[in-house]
Every structure is written in C-alpha cells, then in structure tokens.
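It should be emphasised that the depicted structure is a prediction, and the values quoted were computed from it without experimental measurement. Only heavy atoms go into these numbers, but all of them, side chains included; no hydrogens, no water, no symmetry mates.
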Amino acid sequence: MRKIITSLLIGGAAVAGFVGIQLAPTSAVSSAQLTTPASPSDATGTPRPVVIELFTSQGCSSCPPADLLASRLAKDDSLLVITRPVTYWDRLGWKDTLAREDNSALQRAYAAKGHEGAGVYTPQMVVNGGGGAVGSRENDIRSLVRRADATGPSISTSVNVDGAVTVSIKGKSDYLAGISLIALSSSESVRIGRGENGGRTMHYVNVVKAEQNLGSWRGRPMEFVVSPENFRISGADKYAIILQRPGAGPIVAARLLDI
C-alpha cells in the first residue's frame with residue numbers, strides 16, 4: 001500500500017507531500033549520504049548519542065527502505081538507532097512478529113505533541129523524542145539530527161565484578177526525566193509469509209525487546225546500580241539507558257551500555 005498525501009493536518013501541523021508512507025487507521029526522496037557531526041561528549045569523553053526511533057511494520061510495503069536506512073545509521077557511533085515495530089498493520093494479512101503495542105502507544109503519544117513530522121504512519125523516524133520525518137528520507141532525518149539539543153545531562157557506566165552495572169548521571173536541570181532500561185536485539189531477520197511484503201525477508205536493527213522503568217532523574221547528579229537480572233531479557237543482546245521527560249517528552253540523554 002502506497003499513499004500520496006497532498007495535504008494533511010496532523011496534531012495541528014500541516015504536513016504536505018508525504019510520498020511512500022502508510023497512514024495508520026487511527027491517524028489524526030531520495031536518500032543522500034550526508035555527514036553527521038560527532039556527538040558531543042562530557043569532560044571524560046563520554047558520548048551523548050542522538051536517539052533515532054524508527055516506527056516500522058512487516059506489513060508495510062513502504063518500510064523496507066527505512067529499515068535499510070536504520071541499519072546504515074546504526075553504524076554511526078554518534079547515533080543510537082532504536083527500531084520500534086508497531087501493531088496497527090497486523091490487520092493487513094500478516095501479524096508482525098516483532099511488534100509491541102507499547103511501540104504503537106508511544107508513536108500515538110508523539111503524534112499528539114504535534115511536532116514537526118508528527119502523525120501515526122509508517123515508516124517514521126522520530127529524533128530525540130521530538131521532530132520526526134518519513135523514515136526513508138535521509139536528508140530530513142539528518143537535518144533533525146543536526147538540530148537536536150545536545151545540552152542535556154551525561155550518562156556514564158561501569159560494570160561491577162558481579163555483573164551489575166553502576167550508572168552515573170551528571171548534570172543539572174529544572175526538569176524531571178524518567179530513566180528507562182531498553183533491551184535490544186541488534187539484528188533480526190524475518191521471512192514474511194503473507195501481506196504486502198509476502199515472500200520477502202526483512203532485516204531489522206536494534207529491535208526493542210523490553211523496557212524497564214528504573215526511576216526518575218530529578219535534575220541533580222545521581223548514581224544507582226542495575227542488577228544483573230535486568231540484563232537477562234530473552235532475545236536481547238544489548239541494552240541502553242534512556243532519559244526522557246514525562247508524557248513522551250524529549251529524550252534528554254542516552255547511553256548504549258558496554259556490557
């Protein structure tokens with residue numbers, strides 16, 4: 001299914017000329033190689049990656065180019081790419097084997113904010129919990145990355161002898177942010193049996209397997225320990241810490257754990 005949207009009002013923002021996307025039933029260019037600036041670091045050299053969340057579906061015929069772009073972007077250490085397969089295209093004849101309803105709910109919450117590129121459609125990439133764009137449009141994605149706020153707190157980690165991870169958050173702010181541990185599968189390949197992509201084998205990077213709430217950051221330096229049990233999620237081989245303001249607000253810090 002391919003849609004051409006000539007004019008659409010989403011979350012109070014006019015979006016024109018979206019080509020090659022699929023709009024969800026609940027919905028209120030060519031790729032160019034560009035250089036991404038190195039991610040800012042704190043005084044110890046700890047990277048502060050920009051987070052890109054891809055909302056995709058195995059039932060979306062417009063999604064494979066975005067899935068491929070996500071795989072390329074994930075090779076950039078200045079970016080943390082997270083793939084979030086959604087559930088709302090399961091009705092098209094193929095139930096997405098990686099989809100989570102929590103991913104669909106997060107996309108709807110982002111859409112309600114009315115940021116640039118807001119809406120419930122696939123493929124969509126959202127940058128740092130703010131602006132978004134059609135997930136196959138690399139120029140637009142990299143433009144959002146360049147404009148991403150890099151002034152948030154920094155996260156550093158160390159692994160203890162028992163496998164626990166000590167997380168340190170440095171920085172000061174007047175806002176509150178939730179702390180999440182996201183379990184990821186670095187690579188998934190799925191043979192699609194039916195639907196718009198029937199007969200194709202789809203490849204995905206950094207697919208969300210689980211999310212755990214670790215508490216809140218209250219704008220002051222803090223340190224806490226994550227027990228080894230939290231890193232035993234079935235199917236996950238990497239983990240990330242995300243700091244995000246409440247109500248699907250901006251992502252203010254992120255760190256891929258070295259474990």
Side-chain angles (χ1 to χ4, degrees), residues 10-11 21-28 50-64 66-71 73-74 79-92 94-113 115 117-136 141 178-190 192 195-197 202-214 233-251 254 256:
I10 302 177
I21 68 171
Q22 290 185 206
L23 289 173
T26 56
S27 169
V50 174
V51 177
I52 298 176
E53 295 170 290
L54 168 63
F55 296 93
T56 185
S57 173
Q58 294 167 12
C60 163
S61 61
S62 302
C63 287
D67 301 327
L68 181 61
L69 175 58
S71 296
L73 294 175
L79 306 174
L80 174 54
V81 176
I82 297 174
T83 298
R84 292 185 174 276
V86 297
T87 58
Y88 48 77
W89 293 125
D90 288 354
R91 64 183 180 82
L92 295 182
W94 176 258
K95 183 177 175 59
D96 193 306
T97 60
L98 302 173
R100 303 172 69 247
E101 179 56 37
D102 286 348
N103 295 335
S104 303
L106 178 61
Q107 190 186 31
R108 289 193 294 268
Y110 283 153
K113 297 288 184 178
H115 294 305
V120 181
Y121 59 89
T122 55
Q124 182 192 43
M125 288 188 184
V126 174
V127 175
N128 270 3
V134 175
S136 55
I141 301 304
I179 307 170
S180 297
L181 177 67
I182 304 195
L184 303 168
S185 172
S186 58
S187 180
E188 295 276 352
S189 295
V190 180
I192 310 300
E196 294 188 353
N197 290 314
M202 313 291 283
H203 302 284
Y204 303 95
V205 64
N206 294 347
V207 179
V208 175
K209 290 295 184 179
E211 299 178 69
Q212 304 173 61
N213 180 8
L214 301 181
I233 302 300
S234 177
D237 59 1
K238 61 172 61 173
Y239 295 82
I241 296 286
I242 301 289
L243 267 64
Q244 186 165 20
R245 295 181 67 173
I251 293 173
L256 186 64

Quick one: list whatever passes side chain to side chain donor-acceptor pair (under 3.5 Å) with [X], sequence neighbours left out.
| X | value |
| --- | --- |
| Tyr239 | none |
| Lys238 | Asn206 |
| Ser104 | Thr87 |
| Ser57 | none |

What I'd like to find out is whether the side chain of [X] reaches to under 4.5 Å of the side chain of [Y], using heavy atoms alone.
| X | Y | result |
| --- | --- | --- |
| Pro250 | Asn128 | no |
| Ile82 | Leu184 | yes |
| Gln212 | Ile233 | yes |
| Ile52 | Leu80 | no |
| Pro123 | Ser62 | yes |
| Val51 | Val126 | no |
| Tyr121 | Phe55 | no |

* Distance-only, no hydrogens or angles: does the Glu196 side chain make a donor-acceptor pair with backbone N or O of Ser61 under 3.5 Å? ->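 Here the side-chain-to-backbone pair exists.
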* Lys113 (side chain) donor-acceptor with Gly247 (main chain) under 3.5 angstrom ->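 Yes, Lys113 side chain to Gly247 backbone: donor-acceptor pair under 3.5 Å.
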* Compare every heavy atom of Gly135 with every heavy atom of Leu69, then report the nearest pair and how far apart it is. =>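 That would be CD2-O, 3.3 Å.
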* Quick one: salt bridge (charged side-chain N to carboxylate O under 4.0 Å, His left out) pairs with a partner in residues 96-107, sequence neighbours left out? ->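 For residues 96-107, and leaving out neighbouring residues, the salt bridge (charged side-chain N to carboxylate O under 4.0 Å, His left out) pairs sorted by first residue read Arg100-Asp102, Arg100-Glu211, Glu101-Arg108.
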* **Qualifying salt bridge (charged side-chain N to carboxylate O under 4.0 Å, His left out) pairs with a residue from residues 50-61, counting only residues at least two apart or across chains** =>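 Matches after skipping sequence neighbours: Glu53-Arg84.
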* To do: Walk me through it: do Tyr88 and Thr122 pass the test side-chain contact (heavy atoms from CB on, under 4.5 Å)?
  => CA-CA 10 Å; Tyr88 48 77; Thr122 55; 3.3 Å; yes
[X]: partners by side chain to side chain contact (heavy atoms under 4.5 Å, CB included), with sequence neighbours left out:
| X | answer |
| --- | --- |
| Glu188 | Leu98, Ser185, Tyr204, Val207, Lys209 |
| Thr97 | Gln58, Trp94, Val190 |
| Ala70 | Leu54, Val81, Met125, Val205 |
| Pro64 | Asn197, Arg200, Met202 |

* Distance, nearest 0.5 Å, that separates SG of Cys60 from CD of Gln124 ->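 Answer for the SG-CD pair, Cys60 versus Gln124, is 11.5 Å.
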* Asked: Rounded to the nearest 0.5 Å, how far apart are OG of Ser180 and CG of Asn213?
  ->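 Output value for this atom pair is 5.5 Å.
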* Asked: Excluding sequence neighbours, so at least two apart, what forms salt bridge (charged side-chain N to carboxylate O under 4.0 Å, His left out) with Arg245?
  ->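 Salt bridge (charged side-chain N to carboxylate O under 4.0 Å, His left out) check on Arg245 returns nothing, list empty.
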* Asked: Considering residues at least two apart in sequence or located in another chain, which fulfil the salt bridge (charged side-chain N to carboxylate O under 4.0 Å, His left out) criterion with Asp237?
  ->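 Testing Asp237 for salt bridge (charged side-chain N to carboxylate O under 4.0 Å, His left out), a comparison that skips the adjacent residues, returns none.
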* With respect to Thr56, which candidate in Asp67, Asn103, Thr83 satisfies the side-chain hydrogen bond (donor to acceptor under 3.5 Å, both in side chains) definition? ->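 By the side-chain hydrogen bond (donor to acceptor under 3.5 Å, both in side chains) criterion, Thr56 pairs with just one of Asp67, Asn103, Thr83: Asp67.
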